[in-house]
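Keep in mind that the numbers below use all heavy atoms, side chains included, and drop hydrogens, waters and symmetry copies. In what follows, every chain begins at residue 1, and chains take the letters A, B, ... in the order their sequences are listed.
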2 protein chains.
Amino acid sequence: MTDTGTETPRERYRAQVRAEVKAHAWEQLAAAGASALSLNAIAKRMGMSGPALYRYFANRDELITELIRDAYRSLADTFRATAAAAGPDASALAHALRDWALQDPHRYFLVYGTPVPGYHAPDDITDIVREIMATLLDACAALPSDSPATPFGSHLAEHRRWAGDHPAEPAALHRALTFWTRLHGVLSLELAGHFTGMEFDPALFFAAELEGLTNASAP
Amino acid sequence: MTDTGTETPRERYRAQVRAEVKAHAWEQLAAAGASALSLNAIAKRMGMSGPALYRYFANRDELITELIRDAYRSLADTFRATAAAAGPDASALAHALRDWALQDPHRYFLVYGTPVPGYHAPDDITDIVREIMATLLDACAALPSDSPATPFGSHLAEHRRWAGDHPAEPAALHRALTFWTRLHGVLSLELAGHFTGMEFDPALFFAAELEGLTNASAP
DNA sequence: TCGTGTTCGTTAGAAGTTGTAACGCAACGA
DNA sequence: TCGTTGCGTTACAACTTCTAACGAACACGA
């Protein structure tokens, strides 16, 4: 996963066990969700006793934090790869996002689902979020736009610190935000099963929302 | 909460204890979320031993199911009251939804948050969902609209069983769906704290999305 | 090659949780 | 008044997270 160059055998072994634990954790997560994640069960499946894992993770929260970080990284990688292959294309990003979400719904909810009460994301995740947002802003800035300035757009022009030093127009900032929330709105309800009774095709709905997003007259 | 007319003292007492348990559960839920809900803790706070509560709820899941049902009912009541006061007004419904969500974020996530893996909603909840959707459809049908028929709109025209026997145009169906997903997109990310680093005003963003929804040229 | 110290995995155990079983008691209804 | 029903208790099983103490394996410097 990372460089295994100047590491002692101990560090190498340690990293490998941590990776194996996380692999089992992802398996368990995909099967039953984050709340059902059990360090004991993972240990047993690895042929170790429960407390052994506490040599590698301080507690259950640290493991989950690690999984959340990996999930963010995975999304950032997906966006980076999409942008590298298709350029700043909002439509491509949207489909990459949907594929990424459908590939492992529990991973999506780990990032965008119900927050754990006491939990607070570590600082380095904000860097990953910033990269994801930058890629999205690039794509939104490249979109054709003939929509007039909106009240919220001018509000965003004065509160754009979240965009870092990205040279996007207020309309692009607004578009990036709606891109995020609208697609999340469709995806999260679809993944949570709120569409299951209704027999329409979620993919078509997603496409319709995306179409509205990439219009020159949007948002 | 309900009629206490032709009930035996036992049934009355039973209903009262169940209500008290649920009250403590809501308290605990608002404080620490659904995953931290403990039957034992509730029992102790009520001055009883843990297993006593199993006379009133078969298990933890049944209690949570009851809370989810109450949450749905609460939203349906809010929508019904709003429609009774303001008529079929999508804007009023949107603000009612936002107020309802902000009033108790954990309650919102109980309904629209990360689903519990093994959990399946009981049938009677679909009736409540149907009422909520009907109110929303009424409001969307009353909205002025000059937008042309969309591809997804015609798809919805052929898959409209979820709308029950509501006589709404395909455009209204489409509008109701986007109303739901777009507002949920903003609300869920706001409540989950994903906007906290970014210093814009979520209320303005919500208003902007609502404005886009109630336009005659929407969606 | 031989200590030495770090680290790993173990078992034991504390303090929780959900949930079941068996018991006594109180209350309701005939 | 008396029997049935239901309630709350304790005891217990089977889990969970997580700490403490111990022995063994390992890496490393002398």
Do A/Thr181 and B/Arg182 have side-chain atoms, one donor and one acceptor, less than 3.5 Å apart?
-> no
Check the distance between C/dA27's P and B/Arg10's CZ and give it to me in whole angstrom.
-> 9 Å
Have B/Asp138 and B/His166 got a donor and an acceptor in their side chains that come within less than 3.5 Å?
-> yes
Separation of atom CD in A/Glu11 from atom P in C/dC8, rounded to whole Å | 10 Å
Using the ring of B/Phe206 (Phe, Tyr or Trp, six-membered ring only), decide whether B/Arg98 places NZ or CZ under 6.0 Å from its centre and within 45 degrees of its axis.
-> yes
Which value, rounded to the nearest 0.5 Å, describes the distance between A/Arg107 atom CZ and A/Leu102 atom CG?
-> 10.5 Å
Of the residues in residues 53-64 of chain A, which ones touch DNA chain C at a heavy-atom distance under 4.0 Å?
-> A/Arg55, A/Tyr56
Considering only NZ, NE, NH1 and NH2 on the basic side and carboxylate oxygens on the acidic side, decide whether A/Arg45 and A/Glu20 come within less than 4.0 Å.
-> no
Close residues, residues 37-50 of chain A, relative to DNA chain C [heavy-atom separation under 4.0 Å] = A/Gly47, A/Met48, A/Ser49
So do the side chains of A/Thr8 and A/Tyr13 get within less than 4.5 Å of each other, counting heavy atoms only?
-> no
Heavy atoms from other residues, nucleotides or ligands near CG of A/Asp123 exceed 12 (cutoff 6.0 Å) = no
Report the distance from atom OH of A/Tyr13 to atom C1' of C/dT6, rounded to the nearest whole Å.
-> 15 Å
Salt-bridge contact A/Glu66-A/Arg69 (side-chain N to carboxylate O under 4.0 Å) | yes
